[in-house]
Amino acid sequence: MFTNKRILVGVTGGIAAYKTCELVRKLVKLEAHVKVVMTEAAKQFITPLSFETLSANPVSWDQFENSTIHIDLVRNADCIVICPATANTIGKIANGIADNLLTTLISAATIPVILCPAMNKEMYRHPIFQSNVEKLKQHEYHFIDPAEGELACGEYGWGRLAELEDILFGIRRVLFGSDALKDKKVIVTAGPTEEPIDPVRVISNHSSGKMGYALAEAAALHGARVTLVSGPTALSTINEINLKTVRTAQQMKDTVFSELPDSNMLIMAAAVSDFAPKRISEHKIKKEKATFQLELQTTPDILAETGKMNSDIFRIGFALETNNEISNALQKLENKKLDFIVLNNPMEPGANFGSNANRVTIIESKEKIEKLPLLGKDKVAERIIQKAIERMKSNE
Ligand code: C5P
């Protein structure tokens, strides 16, 4: 995700500094090149050795280590992330104070600076702190706002460091995002559905939901307001995505339809069950005979029905095929009147259920078929969203 990106992580003196260890570890795992700069106060909470080990790079804090260290560090980075950012450091930056290595290199920075504040709720609410934040926002500093919750001091309120997933997304948004989908509302469906047979059994499938969750984040990366309608999965998502969880195909349909009127795009990545039991047994079905017959009926075709309700919406479907892939997908493209369809085959090597990678073909028409190589699901999602942005622009 961050391959070849050089990220300078600034750590200031707050108890949330222990969470920055996990951030650095994760950034390195996602192939970023990470360098850490600490303030003296940060060293009271975490030792430089921890960050040196996690980042596999020397850690700096002394502005007099050599006379150009602040320039060298900032000219060899793509962005700066200050995590946690204390009221003190934010106040200093907002007022042009450069009295340690971190604030000095910030004063020389021409790259994006992302601040992740974390502090007590009264410190966070303080009007002087808030006016410093406003001032920095006007100067295009980026903020990943803290969350509400239990604080290290025992009080409850706003000031808790944002979740790791939200910080990582904020960094992605600054490095790779755009406003191409600003003012657009996008619905994404993800995961399997579960159709109950009796109180303890269901009909479902192996969908992990990873492709749909990656698509929701890719749309948010380009500024869309995203509602993610998800069947049961083991996944979580970022705070700014409006997550609605459902179980059955009927619940998914109801939720999608309630979101539809003010939406601009629908991406149906969910593996919706095609059949559901005609009757749901009130009690657990007993193992009485050697064979058992279950009568099934088809579920509503959500994608096909949405076309009738909001014809202006840009609609993308998915086709999971294990034979005659292209011709079956073309038929679905036509029958469901889609803008394009994404074909995948979980039997292909590396693209099986639950995998972090996928090999898909984007089909716009019989003449326009683009086969993508095996890519991470975040990369596949980015290609699909880029295609949708291009097509929506040309439709305008
Ligand atoms: O017709 P088929 O189920 O193969 O089409 C797959 C596409 O239709 C997927 O985008 C899937 O999310 C959607 N679908 C649906 N409602 C169903 C079944 C599938 O919207 N009941």
Side-chain angles (χ1 to χ4, degrees), residues 186-196 202-216 218-219 226-233 235 244-260 263 265-278 296-311 313-348 351 353 358-365 377 380-381 383-385 387-388 391:
V186 175
I187 310 172
V188 181
T189 67
T193 62
E194 278 184 359
E195 310 302 331
V202 295
I203 295 178
S204 191
N205 58 66
H206 294 307
S207 168
S208 67
K210 286 180 182 171
M211 194 63 244
Y213 277 63
L215 281 158
V226 181
T227 297
L228 174 59
V229 184
S230 174
T233 72
L235 306 175
K244 303 217 160 182
T245 51
V246 296
R247 296 203 87 82
T248 63
Q250 184 60 47
Q251 287 169 3
M252 186 170 275
K253 180 188 162 184
D254 294 343
T255 309
V256 167
F257 271 65
S258 69
E259 295 286 330
L260 213 53
S263 292
M265 193 194 299
L266 170 66
I267 309 176
M268 280 291 303
V272 186
S273 180
D274 288 327
F275 297 98
K278 197 160 182 188
L296 302 176
Q297 63 186 7
T298 53
T299 56
D301 190 323
I302 306 169
L303 196 47
E305 289 187 31
T306 53
K308 295 173 203 153
M309 184 171 162
N310 178 349
S311 53
I313 193 168
F314 192 91
R315 291 180 315 122
I316 303 169
F318 271 69
L320 187 151
E321 303 293 338
T322 54
N323 66 328
N324 299 330
E325 289 108 313
I326 300 277
S327 62
N328 285 340
L330 274 167
Q331 200 149 23
K332 280 177 195 170
L333 177 75
E334 201 171 304
N335 291 349
K336 302 191 193 213
K337 299 191 169 53
L338 306 174
D339 290 280
F340 64 80
I341 193 157
V342 181
L343 167 68
N344 60 144
N345 179 351
M347 282 157 83
E348 288 220 20
F353 286 111
N358 207 354
R359 193 190 301 270
V360 306
T361 303
I362 301 178
I363 304 178
E364 293 176 76
S365 66
K377 283 185 175 164
V380 174
R383 296 283 282 267
I384 292 170
I385 293 294
K387 173 75 73 187
R391 286 279 308 272

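Each ligand, and each atom within it, is numbered from 1 in the order the structure gives. Residue numbers run from 1 in the order of the sequence given. Keep in mind it's a predicted model, so treat the numbers as computed, not measured.
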Check your understanding: What about T299: any of its N or O atoms under 3.5 Å from an N or O on ligand 1?
Key -> yes

Practice item. Start with the C-alpha gap between Y213 and S230, add the side-chain angles, then the distance that decides, and say whether side-chain hydrogen bond (donor to acceptor under 3.5 Å, both in side chains) holds. Key: CA-CA 9 Å; Y213 277 63; S230 174; 2.8 Å; yes

Point to revise | Criterion side-chain hydrogen bond (donor to acceptor under 3.5 Å, both in side chains) on E194 and S204, from CA distance to verdict | key: CA-CA 5 Å; E194 278 184 359; S204 191; 4.8 Å; no

Revision key, fill the gap. shortest atom 5 (O) of ligand 1-to-protein heavy-atom contact is with K336 NZ, 2.9 Å

Study note, to complete from the structure: If you scan protein heavy atoms around atom 6 (C) of ligand 1, the nearest is F318 O, 3.0 Å

Check your understanding: If you draw a 6.0 Å radius around CZ in F275, do more than 12 non-hydrogen atoms from other residues or ligands fall strictly inside?
Key -> no

Practice item. Please report which non-hydrogen protein atom sits nearest to atom 16 (N) of ligand 1, along with the residue it belongs to and the distance in Å to one decimal place. Key: I302 N, 3.1 Å

**Study point:** Residue G317 vicinity, atoms of ligand 1 by number, heavy atom under 4.0 Å
**Key:** 10 (O)

Exercise for review: Please say which of D339, L303, I316, L338 ends up in a side-chain contact (heavy atoms from CB on, under 4.5 Å) with L266.
Suggested key: L303

Practice item. Return the residue, atom name and 0.1 Å-rounded distance of the protein heavy atom closest to atom 11 (C) of ligand 1. Key: A270 O, 3.5 Å

Point to revise | Geometric N/O contact L303 with ligand 1, under 3.5 angstrom | key: yes

**Study point:** Any N/O pair M268/ligand 1 closer than 3.5 Å
**Key:** yes

Point to revise | Identity and separation of the nearest protein heavy atom to atom 21 (N) of ligand 1 | key: P300 O, 2.7 Å

Check your understanding: Is a side-chain donor or acceptor of T193 paired with a backbone partner of S273 at a separation under 3.5 angstrom?
Key -> yes

Review point. Heavy-atom count around E334 CD within 6.0 Å, excluding the residue itself: above 12?
Key: no

Exercise for review: Provide, to 0.1 Å, the distance between atom 19 (C) of ligand 1 and the closest protein heavy atom, together with that atom's residue and name.
Suggested key: V272 CB, 3.9 Å

Point to revise | Heavy atom of A249, distance to ligand 1 below 4.0 Å | key: no

**Study point:** Donor-acceptor pair, side chain of R315 and main chain of K337, under 3.5 angstrom
**Key:** yes

Review point. Is the shortest distance from a Lys or Arg side-chain nitrogen in E321 or K332 to a carboxylate oxygen in the other one below 4.0 Å?
Key: yes

Practice item. Before accepting this row, confirm whether a basic side-chain N of the pair E195/R247 lies closer than 4.0 Å to the acidic partner's carboxylate O. Key: no

Check your understanding: Checking T298 side chain against D274 main chain: does a donor-acceptor pair fall under 3.5 Å?
Key -> no

Study note, to complete from the structure: One finds that the ligand 1 atoms under 4.0 Å from a non-hydrogen atom of D301 are 15 (C), 16 (N), 17 (C), 20 (O), 21 (N)

Exercise for review: Flag E321 as yes when one of its N or O atoms lies below 3.5 Å from any N or O atom of ligand 1, and as no otherwise.
Suggested key: no

Point to revise | For atom 18 (C) of ligand 1, the protein heavy atom that lies nearest, with its residue and separation | key: D274 OD1, 3.4 Å

Point to revise | Nearest-neighbour protein heavy atom for atom 4 (O) of ligand 1, which is reported as residue plus atom name and distance | key: K332 NZ, 2.3 Å

